[in-house]
Q: 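Would you mind keeping the following structure in view while I ask a few things?
Every heavy atom of this structure was used, including side-chain atoms; hydrogens, water molecules and symmetry mates were not. Proteins come first, then strands; the chains are lettered A, B, ... in the order of their sequence lines, and each starts at number 1.
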Amino acid sequence: MKDQLQRLLETAIDRLRRQGLLPEQVRVPVRVDRARDSAHGDFASNIALMLAKAAGMPPKKLAERIVAAMPKDPSVRRVEIAGPGFINFFLDPAAQFAIVRRVLEERERFGHSDIGRGRRIHIEFVSANPTGPLHVGHGRGAAYGASVANLLAAAGFQVHREYYVNDAGRQMDILTVSIWLRYLERCGELVPFPASGYRGDYVRDIAARLYRQMGDAYRRPAESVLEGLPPDAPEGDKERYIDALIDRARKLLGEQAYEAIFRTGLEAILADIREDLEAFGVCYDRWFSERDLVQSGRVEQALALLDRGGWLYRKEGAIWFAAGRLGDEKDRVVVRENGQITYFASDIAYHLDKLERGFDHLIDVWGADHHGYVPRLKAAIQALGADPERLEVRLVQFAVLYRGREKVPMSTRAGEFVTLRQLREEVGRDAARFFYVMRKPEQHMDFDLELAVSQSNDNPVYYVQYAHARVCSVFRQLAEKGWQRDVAQGMDALTRLTEPHEQALLATLARYPETVERAALQREPHQLTHYLRELAGEFHTYYNAHTFLVEDAPLRNARLNLIDAVRQTIANGLGLLDVSAPESM
RNA sequence: GCGCCCGUAGCUCAACCGGAUAGAGCAUCGGCCUUCUAAGCCGAGGGUUGCAGGUUCGAUUCCUGCCGGGCGUGCCA
């Protein structure tokens, strides 16, 4: 409909242009928006205001000319010029009813479109280090990424979801050593736990399992572990200490045993994360291993490519990438003085790999604390010879947790964080998923656990689900009263839906496809949650104001078709958020 | 210091690439259950959109400065 009106206006403007009333050069895209106020009709365009200056004509006068030059259209009942020069369209009411037919024909496809034209989009999200269970901070990225992916798929993009597993690097070594030390404790060896080790209970659990499987096989005397190590914090440097401890573990255990403990930890944690996300409704097409990337030599290949382009140089024993020449604050190290590649280096290789896999567009969803990382990665992509615009980084602000007034500290190391699993068990998947995406991603979010945990009615997800359940309940009542639903009769009687509540619902239903489209293109799932709340609200109002199961069969069937369309739309919308649409509550 | 994000009703947030009278929920107050689920509905009050300028026919939206909050500024990941 919107497009149709746009074409009418474009035709009119073309005509004026040919008559010489409008200068040829000025090209302003013609936009038609839904009117916010029904007094302004169904749709409105500000085109006359935009072109007034160029035309050298008062906007109202220009609007009149445009309207006069516009072709007739049967679905437009009336056109008005209002305010400073808006062109308001009033649609023929009959055109509004068509939406019910459309929803019930398209069913779960309603709201899908092909604006993506099958373009391939790669979306990477969560990608938390496999050094511990996901905590509540990861939840927002998970809910956001998964919802955006669903929206894009609905908009006709071919979406590939990926989790980048940082299973290489120092953090994993720290985890390995942490597990081993807990294991030694289990064996009865007295080794103090390092200040920067992972303290969570899950480390003990993994160590306990390791002990059950392997017995004393990895036991080494405490003295041999501690002998000659530099002091740990607070007297010494905890980073130096943990590095020395890692080296010691490697020596005492040998590569094979060390690797076995590493594997045990990685697999246990990855399995946990995978299961956790799955229960959260988040699925991936691929779990991409950083280790595989490193071991296959692709990091060297990527660095070689940069080197050929003249982007690498050696300084103070390290190898640097000249990110400063491509908009970053300064140059960045890719290979450390000790010969180890940095996280950044493997990330360059990873993104090169994504680009080479032929995706038209890459979306990375990161926590906002990584924002400083964006320019250097964009610089790398440019240096690799690709258009940096192909990478889009979406920064999601952290959800700050509160228990009532009290701010909840969150640190993976401290081991006192709230896990995503705990949150899910307390408030349920539906509430958590919906809650997380209710705000726009760049907005800071206060997540009051007490409120979310309280199962109170404040949570909007229940409100939307309840609307769905209510429709289902009406259909159960229909059967109990011994009535048969007659869809065809209802369609023929749609013109009976003249109540203001019904008109409002029709208009809101018609907005669903464009809401999904916009939410997808702008990567803003919160637009969908707000829409669903509005649709549910209008339904509840309607429900209270009118009885659906009336004696008048054509009217009854028309209303049933309308509320069935509402139900379908709610189900579709919740589906995109991976929130269930219960038939009863 | 520099960089990024944010500042809208008592609280949590919307506001469709700048549009018409800035909207919801919660909380507060007052009503509605013999009739399709009251997890609901109806009504009332509540605003100098952090402050000061600028651009524009029009600014919560764009620009500049200031104030306040968060984050970043590693040969960490």
Q: Please list each protein N or O that sits under 3.5 Å from an N or O in nucleotides 16-23 of chain B, with the distance.
A:
from	atom 1	to	atom 2	distance (Å)
B/rC16	O2	A/Arg518	NH1	3.2
B/rC16	N4	A/Arg36	NE	2.8
B/rC17	OP2	A/Arg31	NH1	2.8
B/rC17	OP2	A/Arg31	NH2	2.1
B/rG19	N7	A/Asn46	ND2	2.7
B/rA20	N6	A/Asn88	OD1	2.7
B/rA20	N1	A/Asn88	OD1	3.4
B/rA20	N1	A/Asn88	ND2	3.2

Q: Just to be sure I understand the rule, does A/Glu480 reach a base, reach only the sugar-phosphate, or reach nothing, if contact means heavy atoms closer than 4.0 Å?
A: nothing
Q: Check whether any side-chain nitrogen or oxygen of A/Arg336 sits under 4.0 Å from OP1 or OP2 of B/rA77, and answer yes or no.
A: yes
Q: Counting the atoms with a prime plus P, OP1 and OP2 as sugar-phosphate, which does A/Glu337 contact under 4.0 Å by heavy atoms, base, sugar-phosphate, or nothing?
A: base
Q: Looking across every strand, which nucleic acid part, if any, lies under 4.0 Å from A/Lys481 by heavy atom: base, sugar-phosphate, or nothing?
A: nothing
Q: For B/rC76, take OP1 and OP2 only and decide whether either is under 4.0 Å from a side-chain N or O of A/Gln340.
A: no
Q: Is B/rC42 in the syn or the anti form, by the rule that syn lies within 90° of 0?
A: anti
Q: Is the shortest side-chain N to carboxylate O distance from A/Arg559 to A/Glu502 below 4.0 Å?
A: yes
Q: So does A/Glu329 pair up with A/Arg376, basic N to acidic O under 4.0 Å?
A: no
Q: Taking CG from A/Asp331 and P from B/rU73, how many angstroms apart are they, rounded to a whole number?
A: 17 Å
Q: If you measure from the C1' atom in B/rC13 to the same atom in B/rG47, how many Å do you get, rounded?
A: 15 Å
Q: Looking only at side-chain N and O atoms, does A/Gln443 come under 4.0 Å of OP1 or OP2 in B/rG70?
A: no
Q: Describe the nucleic acid contact of A/Tyr373 in one word from base, sugar-phosphate, nothing, applying a heavy-atom distance below 4.0 Å.
A: base
Q: Mark this stacking check for A/His370 against B/rA77 as yes or no, applying ring centres under 5.5 Å and ring planes under 30°.
A: yes
Q: Indicate, with yes or no, if the rings of A/Phe288 and A/Tyr350 have centres closer together than 6.0 Å.
A: yes
Q: Between A/His501 and A/Phe539, is the ring centroid distance below 6.0 Å?
A: no
Q: For the side chain of A/Arg533, counting heavy atoms from C-beta on, which of B/rC76, B/rC5, B/rA24 is nearest?
A: B/rA24
Q: Looking at A/Lys60, does any N or O in its side chain come under 4.0 Å of the phosphate oxygens OP1/OP2 on B/rC57?
A: no
Q: Between the side chains of A/Glu239 and A/Arg170, is the shortest nitrogen-to-carboxylate-oxygen separation below 4.0 Å, so that they form an ion pair?
A: yes
Q: Any stems for RNA chain B, made of 3 or more Watson-Crick or G-U pairs in a row, each with both distances under 3.5 Å?
A: B:1-7 with B:67-73, B:10-13 with B:23-26, B:28-32 with B:40-44, B:50-54 with B:62-66
Q: Just N and O in the side chain of A/Tyr463: are any of them under 4.0 Å from OP1 or OP2 of B/rC41?
A: yes
Q: Considering every strand and a 4.0 Å limit on heavy-atom distances, what is the contact class for A/Thr541: base, sugar-phosphate, or nothing?
A: sugar-phosphate
Q: How is A/His371 classified with respect to the nucleic acid when contacts are heavy atoms under 4.0 Å: base, sugar-phosphate, or nothing?
A: base
Q: Nearest of B/rC36, B/rG3, B/rC75 to any side-chain atom of A/Phe548?
A: B/rC36
Q: So that I can tick it off, tell me whether A/Arg34 and A/Glu514 are bridged by a salt bridge, with the cut-off set at under 4.0 angstrom between side-chain N and carboxylate O.
A: yes
Q: Under 3.5 Å, is there a donor-acceptor pair between the A/Ser346 and A/Glu290 side chains?
A: yes
Q: Counting the atoms with a prime plus P, OP1 and OP2 as sugar-phosphate, which does A/Thr515 contact under 4.0 Å by heavy atoms, base, sugar-phosphate, or nothing?
A: nothing
Q: Hey, are A/Asp328 and A/Lys330 close enough for a salt bridge, meaning a charged N less than 4.0 Å from a carboxylate O?
A: no
Q: How far, in whole Å, is B/rC6 from B/rG50 if one measures between their C1' atoms?
A: 12 Å
Q: Can you confirm whether or not the ring centre of A/Phe344 sits under 6.0 Å from the ring centre of A/Tyr373?
A: yes
Q: When rounded to the nearest Å, what value does the distance between C1' atoms of B/rC51 and B/rC67 take?
A: 7 Å
Q: For atom C1', what is the distance between B/rC42 and B/rC63, given to the nearest Å?
A: 45 Å
Q: Please pick, from B/rA77, B/rC36, B/rA14, the nucleotide with the shortest atom-to-atom distance to any side-chain atom of A/Thr547.
A: B/rC36
Q: How about A/Tyr531 and A/Thr569: do any of their side-chain heavy atoms sit closer than 4.5 Å?
A: yes
Q: At 4.0 Å (heavy atoms only), tell me whether A/His546 reaches a base, stays on the sugar-phosphate, or touches nothing.
A: base
Q: Are the side chains of A/Glu517 and A/Pro513 in contact, using a 4.5 Å heavy-atom criterion?
A: no
Q: Select base, sugar-phosphate, or nothing to describe what A/His526 touches, counting heavy atoms under 4.0 Å on all strands.
A: sugar-phosphate
Q: Please measure how far the C1' atom in B/rG58 lies from the corresponding atom in B/rU21, and state the result in whole Å.
A: 14 Å
Q: Is A/Tyr543 touching bases, backbone alone, or none of the nucleic acid, heavy atoms closer than 4.0 Å?
A: base
Q: Please determine if a side-chain N or O atom of A/Lys440 lies less than 4.0 Å away from the OP1 or OP2 oxygen of B/rA15.
A: yes
